[in-house]
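The structure appears below as structure tokens.
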Amino acid sequence: MSTSHSRLADKFLENDKYAQWHDNTFWGVRQKRDRMADEVPEWEQLRQMASDIKRHTITHLDRYLEQFEANAVKNGAIVHWAKDADEFNSIIYGILREHDVKKLVKSKSMLTEECEMNPYLEAHGVEVVETDLGERIIQLNDQKPSHIVMPAIHLDHHEVGQLFENKLGSEKDNHDPTYLTYQARLSLRHEFLTADAGLTGANFGVAATGDIVVCTNEGNADMATSVPPLHIAVMGLEKVIPDYDSLAVFHRLLARSATGQPTTVYTSHFRTNRPTARKMHIVLLDNGRTEWIANPQHWETLKCIRCGSCMNTCPVYRLSGGYSYSYFIPGPLGINLGMLRDPQAHSGNVSACTLCLSCQNTCPVKVNLGDQVYQWRQQLDEFGTANKQKKFICKGMDAVFTRPKVYNMATDNAHLANHIPSFIMECGLNPWAKGHKMMKFPKKPFHKLFKDLEKDEDGK
Amino acid sequence: MKIGLFIPCYVDAVFPEVGVATYRLLRHLGYDVRYPEGQTCCGQPMANAGFEGESVALGERFEDKFAGFDYVVAPSVSCTAFIKLNYPRLLKGKHECSAAKKTIDVVEFLHDIAKVDRPLGRFPYKVSLHNSCHGVRELHLSSPSELNTVKFNKIKDLLALVEGIEVVEPDRPDECCGFGGMFSVEETGVSTKMGQQKLMRHMATGAHYITGPDCSCLMHMAGIAARQGCPIEFRHVVEILAAGL
């Protein structure tokens, strides 16, 4: 019995040394996050508050989005509404064409990954350059992000060094991280200076002020918005929050949860274009979100602020890697978002969870990620994506467990299985035996021992 | 106080000694304990695999079996958590649900209801404590490592009543062992790798035994230990508490 996730996970695990490195690296991030959380006495209150604010905002989304739009327009920005990925891409391309943009520099945006915007723009003749270092590395390497906050974490500095030799003409065999960073900076400076437009994502949209708030560590969003003459900001509808007071709550949680920093190096607020630039554009994307709000079991996924802490703590993610999930966002969050997006295509990820529930404890906005995975499993049969063998086993278990006589017969005789030679029990057909030695069944199960046990205790 | 003893299917079939220790311990403390015949499974395995509909009939049977008891005590945190958290929803409109309120894991019962504070058994060994996920994050037997809350561990408190014992915890003390029921069958590779790593961290403490409140985690790690020839033994918490009584 296997799933699309488990098959790719097995491939990931073939390189044991790498798998261990991957596991330890993300556990290290989890530990940094723990240290940060422990330094804030009101941490758990903040999480509850953040969850409450999100619940409130998402259930009053119309009000806050209209307020956001009105304030953004008042600030001088142009606001667009996109109902899906296609409309999103054509709006972006329309703005770029209007301003005759040949080269677009981007700061990190998972929203544009969601819409597969880069290939769309490239097909229309626009050169797209990622400027977040991790994103730039995977763009040069023709890969997708393996993590939402640390997209190139799966590559080490030797791999990056070789890539830079080939793509940026850096010195041969010089894989020194400082040197490589310098090379990246040199090349990106050139891109910033020659770009016709800059595009940023948004960590938050503040309804009360119309601010787009972008948190980065490299300052690349600031370069992308302060050099080229045009700034486009893109934001999923669920990223709107009421006001600065609520922003303060999320701001204290985001970087601590994501990378174990007290704050990101840069937190930039964008309201309008700078005096010498063209009008700022803001594109708001629905792409299923308003339908997900109406899903009673899964709406909470919309509370997510994309910190990635659920991935870092997930033992399955750490030992299977970002590419073992079929959706472009991996880990507990990705399992759930993938199922909301297209259950037929992404049911193969639902197995990637032991229900340990560590993710719901690290989540800064208390999304019930593990509980939702449990719920998705209940729905696989209805989607027609449940494993037939698994269904058969579960029906069989039910048939035995609802009939105590059958159950007793089976357990009374279970010890006979001890005599089956190990080459049969441990052949490839028994998945448990791949990593385990079969357990020995006792001569008598508890229910057969009980009468004597009771007598013994009564006699004491 | 009338106590019904629930011995989940896999404890009954594979670890009867854990049922024996639970019963002996409760009787030793002077409780009136009954073991209703004809009990089987709580329904957790099918539900976690995605077929909770198959668990409803088992829930109804469970309710009937344990109707007259004040508490239902079970030596398994995952079964107990399943009953407490899912029965109210599964039985809604089908059967009265009292099991969710009165079912309690044996560790929690001993710590919070019986409030045991006198010396228990004797177990002169170094023991590494396995904090099972559902015990930590659903039944709150200890403070989860992710939360910024007051640190506590009810299992450790109880083990401190055992003579001669030295209790240690592995690195990453409440990280999952990778069993996860159907997870271990569908995701064999990751499940085994997680188990191997967990086992390695327990072994690194230098303990003679690994103990925990859930036999399924212990069974998973014991199967891996036996396969790899690791010299370490496994005991459920109640077996240690009842040792030598």
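The figures that follow rest on heavy atoms only: side chains count, while hydrogens, waters and symmetry mates do not. Everything numeric here is computed off the predicted structure, so don't read it as measured data.
- Only the side chain of B:Glu175 comes within contact range of chain A, judged by heavy atoms closer than 4.5 Å.
- In this structure, the portions of B:Ile224 lying under 4.5 Å from any heavy atom of chain A include both its backbone and its side chain.
- With rounding to the nearest 0.5 Å, the separation of NE2 in B:His220 from CE in A:Met439 is 12.0 Å.
- Other residues, nucleotides and ligands contribute only 12 or fewer heavy atoms inside 6.0 Å of the CE atom of A:Met49.
- Taking the six-membered ring for Trp and the full ring otherwise, B:Phe15 and A:Phe446 have centroids separated by 6.0 Å or more.
- For chain A, the nearby part of B:Asn86 is the side chain; its heavy atoms alone come within less than 4.5 Å.
- Only the side chain of A:Leu449 comes within less than 4.5 Å of a heavy atom in chain B; its backbone stays farther off.
- For A:Lys11, no part lies under 4.5 angstrom from a heavy atom of chain B.
- Residue A:Leu319 touches chain B through both its backbone and its side chain, counting heavy-atom pairs closer than 4.5 Å.
- With rounding to the nearest 0.5 Å, the separation of SG in A:Cys356 from CZ in B:Phe179 is 14.5 Å.
- Of the listed residues B:Glu17, B:Arg172, B:Gln39, B:Met182, the one with more heavy-atom pairs under 4.5 angstrom with chain A than any other is B:Arg172.
- Among residues two or more places apart in sequence or in another chain, the salt bridge (charged side-chain N to carboxylate O under 4.0 Å, His left out) test is passed with A:Lys391 by A:Asp381.
- In this structure, A:Pro445 and B:Ala13 approach most closely via the heavy-atom pair CB-CA, 4.2 Å.
- With chain B as partner, the option from A:Arg47, A:Met1, A:Lys390 having the largest number of non-hydrogen pairs under 4.5 angstrom is A:Lys390.
- Across all their heavy atoms, A:Cys394 and B:Phe51 have their closest contact at SG-CD1, 3.6 Å.
- With a 4.5 Å cut-off on non-hydrogen atoms, B:Ser145 touches chain A through its backbone and its side chain both.
- A:Asp23 touches chain B through backbone and side chain together, each having a heavy atom under 4.5 Å away.
- Contacts between A:Ala352 and chain B at a heavy-atom distance below 4.5 Å involve backbone atoms as well as side-chain atoms.
- Judged by distance alone, the side chain of B:His134 and the main-chain N or O of A:Leu355 form a donor-acceptor pair under 3.5 Å.
- Of the atoms belonging to B:Leu5, it is side-chain heavy atoms, and not backbone ones, that fall under 4.5 Å from chain A.
- Neither the backbone nor the side chain of A:Asp412 has a heavy atom closer than 4.5 Å to any heavy atom of chain B.
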* Carefully, step by step, assess B:Gln197 and A:Gln20 under the rule side-chain contact (heavy atoms from CB on, under 4.5 Å). => CA-CA 9 Å; B:Gln197 294 212 1; A:Gln20 303 241 14; 3.5 Å; yes

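- Looking at heavy atoms from C-beta onward, B:Tyr35 lies in side-chain contact with A:His447 at the 4.5 angstrom threshold.
- The contact between A:Val40 and chain B is made entirely by backbone atoms, counting heavy-atom distances below 4.5 Å.
- A:Lys451 has its side chain within reach of B:Glu37: a pair of non-hydrogen atoms, C-beta onward, lies under 4.5 Å apart.
- Minimum heavy-atom separation, B:Leu147 to A:Glu44: CA-OE2, 3.3 Å.
- Annotation: maximal heavy-atom pairing with chain A below 4.5 Å, among B:Val185, B:Ile7, B:Asn48, B:Thr192, occurs at B:Asn48.
- A salt bridge does not link B:Asp12 to A:Lys448: none of the charged side-chain nitrogens sits closer than 4.0 Å to a carboxylate oxygen.
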* **B:Asn148/A:Glu42 under side-chain contact (heavy atoms from CB on, under 4.5 Å): CA gap, chis, key distance, verdict** => CA-CA 8 Å; B:Asn148 180 355; A:Glu42 65 274 31; over 6 Å; no

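- The structure places OG1 of B:Thr188 at 7.0 Å from CG of A:Asp10, a figure rounded to the nearest 0.5 Å.
- Contact record, A:Thr3 with B:Glu186: CG2-OE2, 3.6 Å, taken as the closest heavy-atom pair.
- When A:Ser324, A:Ser2, A:Cys353 are compared by the number of non-hydrogen pairs under 4.5 Å with chain B, A:Cys353 comes out ahead.
- Residues B:Val190 and A:Ala9 share a closest heavy-atom pair of CG2-CB, 3.6 Å.
- Note on A:Glu454 versus B:Arg34: no salt bridge recorded, every NZ/NE/NH1/NH2 to OD/OE distance being 4.0 Å or above.
- Inter-residue side-chain proximity for B:Gln228 and A:Lys437 is flagged as unmet; no heavy-atom pair is nearer than 4.5 Å.
- For chain A, the nearby part of B:Glu138 is the side chain; its heavy atoms alone come within less than 4.5 Å.
- B:Glu146 and A:Arg33 get closest at one heavy-atom pair: O-NH1, 3.1 Å.
- Counting only distance, with no hydrogens or angles, the side chain of B:Thr40 and the backbone of A:Phe401 share a donor-acceptor pair below 3.5 Å.
- Considering only heavy atoms from C-beta on, A:Leu453 comes within 4.5 Å of B:Tyr23 through its side chain.
- The contact between A:His5 and chain B is made by backbone and side chain atoms together, counting heavy-atom distances below 4.5 Å.
- In this structure the side chain of B:Cys176 reaches within 4.5 angstrom of the side chain of A:Pro315, judged on heavy atoms.
- Judged purely by atom type and a 3.5 angstrom limit, B:Arg137 has no side-chain atom pairing as donor or acceptor with the backbone of A:Asn361.
- Looking at heavy atoms from C-beta onward, A:Gln378 lies in side-chain contact with B:Glu52 at the 4.5 angstrom threshold.
- A heavy-atom distance below 4.5 Å is not found between the side chains of A:Ser320 and B:Glu187.
- With A:Glu457 as the partner, the side chain to side chain donor-acceptor pair (under 3.5 Å) test is satisfied by one option alone out of B:Arg27, B:Arg24, B:His28: B:Arg24.
- When each of A:Thr362, A:Thr313, A:Asp38 is scored by its heavy-atom pairs under 4.5 Å with chain B, the top score falls to A:Asp38.
- Of the two parts of A:Lys440, only the backbone, made up of N, CA, C and O, holds a non-hydrogen atom closer than 4.5 Å to a non-hydrogen atom of chain B.
- Proximity of a side-chain donor or acceptor of A:Arg377 to a complementary backbone N or O of B:Gly50 within less than 3.5 Å is not detected.
- The residue among A:Trp43, A:Trp27, A:Phe12 with the most heavy atom pairs within less than 4.5 Å of chain B is A:Trp27.
- Of the atoms belonging to B:Ala47, heavy atoms from both backbone and side chain fall under 4.5 Å from chain A.
- The distance from atom CG of B:Leu85 to atom OH of A:Tyr374, rounded to the nearest 0.5 Å, is 10.0 Å.
- The side-chain heavy atoms of A:Val316 and B:Met194, taken from C-beta on, include a pair separated by under 4.5 Å.
- Residue contact with chain B, scored on non-hydrogen atoms closer than 4.5 Å, involves the side chain of A:Ala386 exclusively.
- Interface remark: A:Met397 contributes backbone and side-chain atoms alike to the contact with chain B (heavy atom separation under 4.5 Å).
- If you measure heavy-atom distances from A:Arg7 to chain B, you find no contacts under 4.5 Å at all.
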